[in-house]
Amino acid sequence: MSQSSTPFDQNSSPSPSLVTWKGWVHAIRGNNHVQFLQLRTEGKILQVVIEKEKLGEDTFKLLKSLSQETSLSVEGYLAENAKAPEGLELQLVKFSLIGESKDYPITPKEHGTDFLHNHRHLWLRSKRQLAILKIRSELSFAIREFFHKENYTLIDTPILTGSVGESAGTLFSTEYFDLGNAYLAQTGQLYLETAAFSHSKVYCFGPTFRAEKSKTRRHLTEFWMVEAETAFFSNEDNLKLQDQFVRSVIQTVVARCPSELKLLERDPQKILSQTKDPFPHINYTEAIAFLQSKGESIEWGEDINAERENLLTAHYGTAVFVKNYPRSIKAFYMKQNPEDPRTVLCADLLAPDGVGEIIGGSEREENYENIVERLEAEQLPVSSYHWYLDLRKYGSVPHSGFGMGQERVLAWICGLEHVRECIPFPRMIYRLHP
Ligand code: 4AD
Ligand code: MG
C-alpha cells in the first residue's frame, strides 16, 4: 500500500512500505547506471536514487534529463544512508511529473547580489536561503515561547497610527480619509505602554517601518520588531529581562537548527560561548572614554556609530549593554536619569561580529508635566498624544520596555554580513520589488 509520507513524520523510520515525496528538482547528477536526484520537499533537500537496472532505459533517460525546478512526485522505499542529507534516501520505484521548468534563471554558477535580489521570489528556493528562513522561523517561535512562558500577554499594536512613535525624520505617511495623515508604525511602544497598565506584562511582535535614507548593511525600511513593556519595572529590571531573553532565545534557536547552521558554516559553539554569561554593562560616558583611548575623535554627546559599536563589542568579545545615553540623542519618552540629568535611563544592546545595536530600551517618563515638556521640546503635536498622556494621569507607575530587531539578531545567529537576507522580501530605500 502506498502512503504519502515525509522523513520528518514521527513514524518515518525506514520501512518496507512505499512512501511518496512531492517536490522540486534541486539538482540531478550521477553516471550511466545510477542518478542521484536532489529533491526539495518541505524546505529540505533530500536524495532520490534512480537506478537504470530497476527502472529501465527509457525511464532512466527521461529522469536524467529533468531540468532544475521541475516539480514531481516520487514513490519508492526509504533506506538509511549516512552520506545522504538527513541520513535517508528514497530508492525510486515510480514517479509522476507535475510541472515543467524551462530555463530556470538561478543556476549553480555564481550570480551577483543584485541579480539574486531581483529574483528573490526564486532565490528563496536556494539552500542558504532555505536555512536562513528556517532559522528565522525558529527564532520567531522561540521569541513567542519565551514571553508566553514568562506570562506576558501578546498585544497586537496598530500599523496605521496617528502619532509619531520615535522620530519625525523617518516616517512613512499616507492620507487617511478626512483625518489628515496616518503614519506606518515605527514602533508599537506607545500602545504597548497603555496595555501594560491593563496587563502589567505585555509584548508585541510585528512589522515596523522606518523611512531610513541610509544604505547600510543593517537598515531596512520594513523590519520586524519584538517589543516588551512591563509595569513596576526599573531600567535595571528591564536589563535583566533583556539579558535572559536574548541569551535564551539564541540558545534555543542554536539547539534547534544544527543542520542549518552547518550549511551556513556558522560555528554554533561560537554563538553559545558569546551567550553563555550575562552581557557586560557599561555607561555611555565610559564607552566614550574607551573610544577616545582607542584614538577615536568622538566627543561626549555624540551618537556612537556602527564602526565604533564594533570597537566596543570586539573589546568584550560578546554583546554589551551601553547605558544612560545623552538625553539629546534619544527619544522623548525616556526617563531622565536622576543621578545625571544630562542623560536618560536607557540602554542599547550592541551585538558582536559587526552586527551592532540589536535592542533599544529604557525606563519611561511617567510624570505628566515632564513628558509634556519633552513632547514640546521635540516639537511634536501634544494634542495627538492625549491618550498616551492619560497614562500619566490615571494611576501612573514606573515602567520600562525595549524593542529588539529580529533581522539583526538573525544576522548575528547566522553570521551574515547584511540584514537584507534575513527577511523573505527585504524593503530598502532602493528596493520594493519583488
Ligand atoms: O532603538 P529603536 O528605534 O527603539 C524603539 O523603537 C523603541 N520604541 C523600542 C521600545 O523601547 N519598545 O529600535 C529597536 C531595535 C533596534 O535596536 C534595531 O535592532 C531594530 O529595532 N531596528 C532596525 N532594524 C532594521 N532596520 C532598521 N531600520 C531598524 N531600526 C531599528
Ligand atoms: Mg535605537
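Values below: every heavy atom of this structure, side chains too, minus hydrogens, waters and symmetry copies. All residue numbers refer to positions in the sequence shown, counting from 1. Whatever order the structure lists them in is the order used to number ligands and atoms, beginning at 1.
- Among protein heavy atoms, atom 15 (C) of ligand 1 sits closest to Gly403 O, 3.6 Å.
- An N or O contact shorter than 3.5 Å links Leu220 to ligand 1 by distance.
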What's the verdict on side-chain contact (heavy atoms from CB on, under 4.5 Å) for His219 and Lys213, showing C-alpha distance, side-chain angles and the deciding distance? CA-CA 9 Å; His219 284 98; Lys213 301 242 163 58; over 6 Å; no
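- Relative orientation of the Trp387 and Tyr191 rings is parallel, given thresholds of 30° and 60° on the angle between their planes.
- Residue contacts with ligand 1: Gly405 is placed with a nitrogen or oxygen under 3.5 Å of a nitrogen or oxygen of the ligand (distance criterion only).
- Any N or O atom pair closer than 3.5 Å counts here, and Ser362 shares no such pair with ligand 1.
- Nearest to atom 1 (O) of ligand 1 by heavy-atom distance, out of Arg427, Glu357, Lys330, Arg408, is Glu357.
- Counting the atoms of ligand 1 from 1 in the order shown, those under 4.0 Å from a heavy atom of Gly360 are 1 (O), 9 (C), 10 (C), 11 (O), 17 (O).
- Under a 4.0 Å N-O distance rule, the pair Arg308/Asp303 does not qualify as a salt bridge.
- Ring-plane geometry between Tyr325 and Tyr284 is classed as tilted, the angle between the planes lying from 30 to 60 degrees on a 0 to 90 degree scale.
- In terms of modelled atom types and a separation under 3.5 Å, the side chain of Thr157 and the main chain of Leu192 share no donor-acceptor contact.
- By the 30° and 60° cut-offs, the orientation of the rings of Tyr385 relative to Tyr388 is perpendicular.
- Side chains of Arg374 and Gln336: a donor-acceptor N/O pair is absent below 3.5 angstrom, by distance only.
- In this structure, His117 and Trp123 have perpendicular ring planes: the angle between them is above 60°, well past the 30° mark.
- Contacts of Leu192 with ligand 1, taken as heavy-atom pairs under 4.0 Å, are absent altogether.
- At a heavy-atom cutoff of 4.0 Å, ligand 1 is contacted by the side chain of Phe223 but not by its backbone.
- Checked against a 3.5 angstrom limit, the closest N/O atoms of Glu229 and ligand 1 fall outside it.
- The nearest N/O/S atom of Glu357 to the Mg ion (ligand 2) is OE2.
- Classification of the Tyr203-Phe147 ring pair by plane angle, with boundaries at 30° and 60°, yields parallel.
- Residue contact check: Tyr333 has heavy atoms under 4.0 Å from atoms 7 (C), 8 (N) of ligand 1.
- Atoms of ligand 1 found under 4.0 Å from any heavy atom of Glu227, numbered from 1 in the order shown, are 8 (N), 9 (C), 10 (C), 12 (N).
- Ring planes of Phe209 and Phe172: perpendicular class, angle over 60° (limits at 30 and 60°).
- Of the residues listed (Glu417, Glu309, Glu407), the one engaging Arg218 in a salt bridge (charged side-chain N to carboxylate O under 4.0 Å, His left out) is Glu309, and it is the only one.
- For a threshold of 3.5 Å applied to N or O pairs, the pair formed by Arg210 and ligand 1 contains at least one separation below that value.
- Heavy-atom contacts of Ile359 reach the following atoms of ligand 1: 17 (O) (cutoff under 4.0 Å).
- Under a 4.0 angstrom heavy-atom cut-off, Ile358 registers as being in contact with ligand 1.
- In the candidate list Met404, Arg218, Met334, Met225, Met225 is nearest to atom 14 (C) of ligand 1, counting heavy atoms.
- Checking Asp348 against the Mg ion (ligand 2), every N/O/S atom stays at or beyond the 2.8 Å cut-off.
- The atoms of ligand 1 that sit less than 4.0 Å from any heavy atom of Arg364 are 10 (C), 11 (O), 12 (N).
- Between the side chains of Thr70 and Tyr104, no donor-acceptor pair of N or O atoms lies under 3.5 Å.
- Not a single heavy atom of Glu407 sits under 4.0 Å from any atom of ligand 1.
- At the top of the distance list for atom 5 (C) of ligand 1, counting protein heavy atoms only, stands Glu166 OE2, 3.3 Å.
- Within the structure, the closest approach of Arg420 to ligand 1 does not fall below 4.0 Å when heavy atoms are considered.
- Across Glu366, Glu193, Glu373, a single residue satisfies salt bridge (charged side-chain N to carboxylate O under 4.0 Å, His left out) together with Arg392, and that is Glu193.
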